[in-house]
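Only this structure's heavy atoms are used, side chains among them; waters, hydrogens and symmetry mates stay out. Predicted model, so just to flag it, every value in this text is computed and none were measured.
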Amino acid sequence: MKNLFIKIPLLVLCTSLTVISCKTKIPDTENLPKDISERPADESSQKYDQAQLDKLKATINSEISKEKCTGNTDEWASAPMGSKACGGPKSYIAYPKKLEASILPKIEDYNNKEKDFNTKFGITSDCLLIGEPAGIRCVNGKAEVTYPVQ
């Protein structure tokens, strides 16, 4: 009889646990911690801001590259591209004049964002001034800025 008082509660406990475990849902993996490689970049990090700059620059270059330079460089112009920490542009970029209304605001936005990036993260640069381009030439269907020979 004493043995029966131990076996019955034990049987009830095991049965209850079995029933409860069958009804337990598998946790939603959306709420679980993600592997660090799958996490989005921290929006306040230098790496994130650099990626945003790179994306904007790629958009500008992509838009420009859709136009082929066929030898008539009068249809092309140049604009300063980027911002050095000491001031002034990093380089110049050739763009088709017919896209001037859409491309120049993007270039200006890129330049301003890079200037803010330099200030925000204390970026330093060589402080060498980039001279104004002397003109534009077509190389394999792509417009390139040329600089005066010194």
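Note on K57 versus E114: no salt bridge recorded, every NZ/NE/NH1/NH2 to OD/OE distance being 4.0 Å or above.
Within the 3.5 Å criterion, the main-chain N or O of A58 finds no donor-acceptor partner in the side chain of S62. Checked by atom type and distance alone, the side chain of N111 never pairs as donor or acceptor with a backbone atom of P89 at under 3.5 Å.
Interatomic distance, M81 CE to N61 CG, rounded to the nearest 0.5 Å: 5.5 Å. Atom CD1 of I60 sits about 8.5 Å away from atom CD of E63, to the nearest 0.5 Å. Distance check, rounded to the nearest 0.5 Å: NZ of K113 to CG of L56 gives 6.0 Å. Going from atom NZ of K98 over to atom CD1 of I103 covers 12.5 Å, rounded to the nearest 0.5 Å. Between the CG atom in L53 and the CZ atom in F117 there is a gap of 6.0 Å [rounded to 0.5 Å]. If you take CD1 on I93 and CD1 on I64, they are separated by 3.5 Å, rounding to the nearest 0.5 Å.
When side chains are defined from C-beta on, I136 does not count as touching Y92, because their heavy atoms never get closer than 4.5 Å. Here the side chains of E67 and W76 are in contact, with some heavy-atom distance below 4.5 Å. Considering only heavy atoms from C-beta on, Q52 comes within 4.5 Å of Y48 through its side chain. Side-chain contact check for I130 versus Y147: some heavy-atom pair is nearer than 4.5 Å. K66 is not listed as a side-chain neighbour of L99, based on a closest heavy-atom distance of 4.5 Å or more. For the pair K84 and L129, the minimum side-chain heavy-atom distance is 4.5 Å or more. In this structure, the side chains of L104 and Y95 come closer than 4.5 Å at one or more pairs of heavy atoms.
Residue K97 places its NZ atom among more than 12 non-hydrogen atoms of other residues, nucleotides or ligands, all under 6.0 Å distant. Taking a 6.0 Å sphere around CG of N140, one finds it holds 12 or fewer heavy atoms contributed by other residues, nucleotides or ligands. Environment of CD in E100: crowded, with over 12 heavy atoms of neighbouring residues, nucleotides or ligands closer than 6.0 Å.
For residues 79-112, every residue pair satisfying the disulfide bond (SG atoms under 2.5 Å apart) rule, not counting sequence neighbours, is listed here: C86-C127.
Looking at Q50 and D54, their side chains do bring a donor and an acceptor atom within 3.5 Å of each other.
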- prompt: For T70 and C138, what are the C-alpha separation, side-chain angles and deciding distance, and is it a side-chain contact (heavy atoms from CB on, under 4.5 Å)?
  reply: CA-CA 7 Å; T70 58; C138 296; over 6 Å; no

